[in-house]
Amino acid sequence: MAGLLALTLGGLPLQARATPVPACKVLQMAVSLDDGQGTFNGMMHSGTWVIVRNTGVRACSVAGMGPLLFENVHHHRVAVTWRQAVPVPAMVLPAGGQMKTALRWVSGNVFDPGACMTPATVVLPLRHGRVRHAFAHALCGPANDPPAIEQQPWTVGPPENG
């Protein structure tokens, strides 16, 4: 009987044999920020780690997760210019697993003329909804352009010093 089962399974394509990992859902994902104990801060520059953790009891897939967004207090999207926006790689987060990316931006009004704004939240768009986390950092840029943000590639694990 075991031989017959092995022959049957051996004839199936790999994707038919593997159990697909479900997409991560809003209730199992937590977003947090970590300023690296100030390691991102410099003269008129700032940054943070954005950490995404699977708080669920099962692994989930982040494939198809959208790019980070910023919103105001009314959940309206805030325009930013991504100098380097890095898509989330198709990966599986085990239960308790986390991934991270570093963001950097100009935090002081150094442009002439310049303008600063403070988004209320950073948003992680998932297939089945959005996960929000308070942001409250000043983003600055030229008066007539959205502020620019640089993003580092997503990696697995806890944040390091910026």
Mind listing the side-chain donor-acceptor pairs of residues 21-31 below 3.5 Å, one per line with the distance, residues two or more places apart or on another chain?
{"from": "Q28", "atom 1": "OE1", "to": "K25", "atom 2": "N", "distance (Å)": "3.2"}
{"from": "Q28", "atom 1": "NE2", "to": "N54", "atom 2": "OD1", "distance (Å)": "3.2"}

*Evaluate the criterion ring pair (Phe, Tyr, Trp, His ring centres under 6.0 Å) for residue pair W105 and F70; output intermediate values, then yes/no.*
CA-CA 13 Å; W105 60 85; F70 293 92; 7.7 Å; no

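- Across P147 and C140, no two heavy atoms sit closer than the pair CB-O, 3.6 Å.
- Within the 4.5 Å cutoff, the side chain of L33 has heavy atoms near those of the V50 side chain.
- By the rule that hydrophobic residues join a cluster once side-chain heavy atoms approach within less than 4.5 Å of another member, V92 and L126 end up as members of separate clusters.
- Note: the hydrophobic cluster containing V52 also contains V88 (ILVMFWY, side chain heavy atoms under 4.5 Å, direct or indirect links).
- To the nearest 0.5 angstrom, E150 atom CD is 6.5 Å from R104 atom CZ.
- Contact annotation: the side chain of D35 never approaches that of H137 to less than 4.5 Å [non-hydrogen atoms, C-beta and beyond].
- If you take CZ on R77 and OG1 on T121, they are separated by 12.0 Å, rounding to the nearest 0.5 Å.
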*Assess whether side chain to side chain contact (heavy atoms under 4.5 Å, CB included) is satisfied between V123 and L68, documenting all intermediate values.*
CA-CA 6 Å; V123 182; L68 293 171; over 6 Å; no

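- Scanning both residues, L93 and M99, for their nearest heavy atoms gives CD2-N, 4.1 Å.
- In terms of heavy-atom proximity, A95 sits nearest to G56 at CB-O, 3.3 Å.
- Between H45 and M43, the closest heavy-atom pair is ND1-O, 2.9 Å.
- Contact annotation: the side chain of L69 approaches that of P125 to within less than 4.5 Å [non-hydrogen atoms, C-beta and beyond].
- Side-chain contact between S32 and R53 is absent, with no heavy-atom pair separated by less than 4.5 Å.
- When the side chains of ILVMFWY residues are joined at heavy-atom separations under 4.5 Å, either directly or via intervening members, F40 and V110 end up in two distinct hydrophobic clusters.
- The shortest non-hydrogen separation linking N72 to A120 is C-CB, 3.6 Å.
- A donor-acceptor pair under 3.5 Å is formed between the side chain of T101 and the backbone N or O of Q152.
- Within the 4.5 Å cutoff, the side chain of D145 has no heavy atoms near those of the F111 side chain.
- Cluster annotation: L103 is connected to M117 through the hydrophobic network of ILVMFWY side chains, with a link wherever side-chain heavy atoms come within less than 4.5 Å.
- Among pairs with a residue in residues 122-137, those fulfilling salt bridge (charged side-chain N to carboxylate O under 4.0 Å, His left out) read E71-R130, E71-R132, at least two apart in sequence or across chains.
- In this structure, G108 and C116 approach most closely via the heavy-atom pair C-SG, 4.3 Å.
- Note: the hydrophobic cluster containing V131 also contains V62 (ILVMFWY, side chain heavy atoms under 4.5 Å, direct or indirect links).
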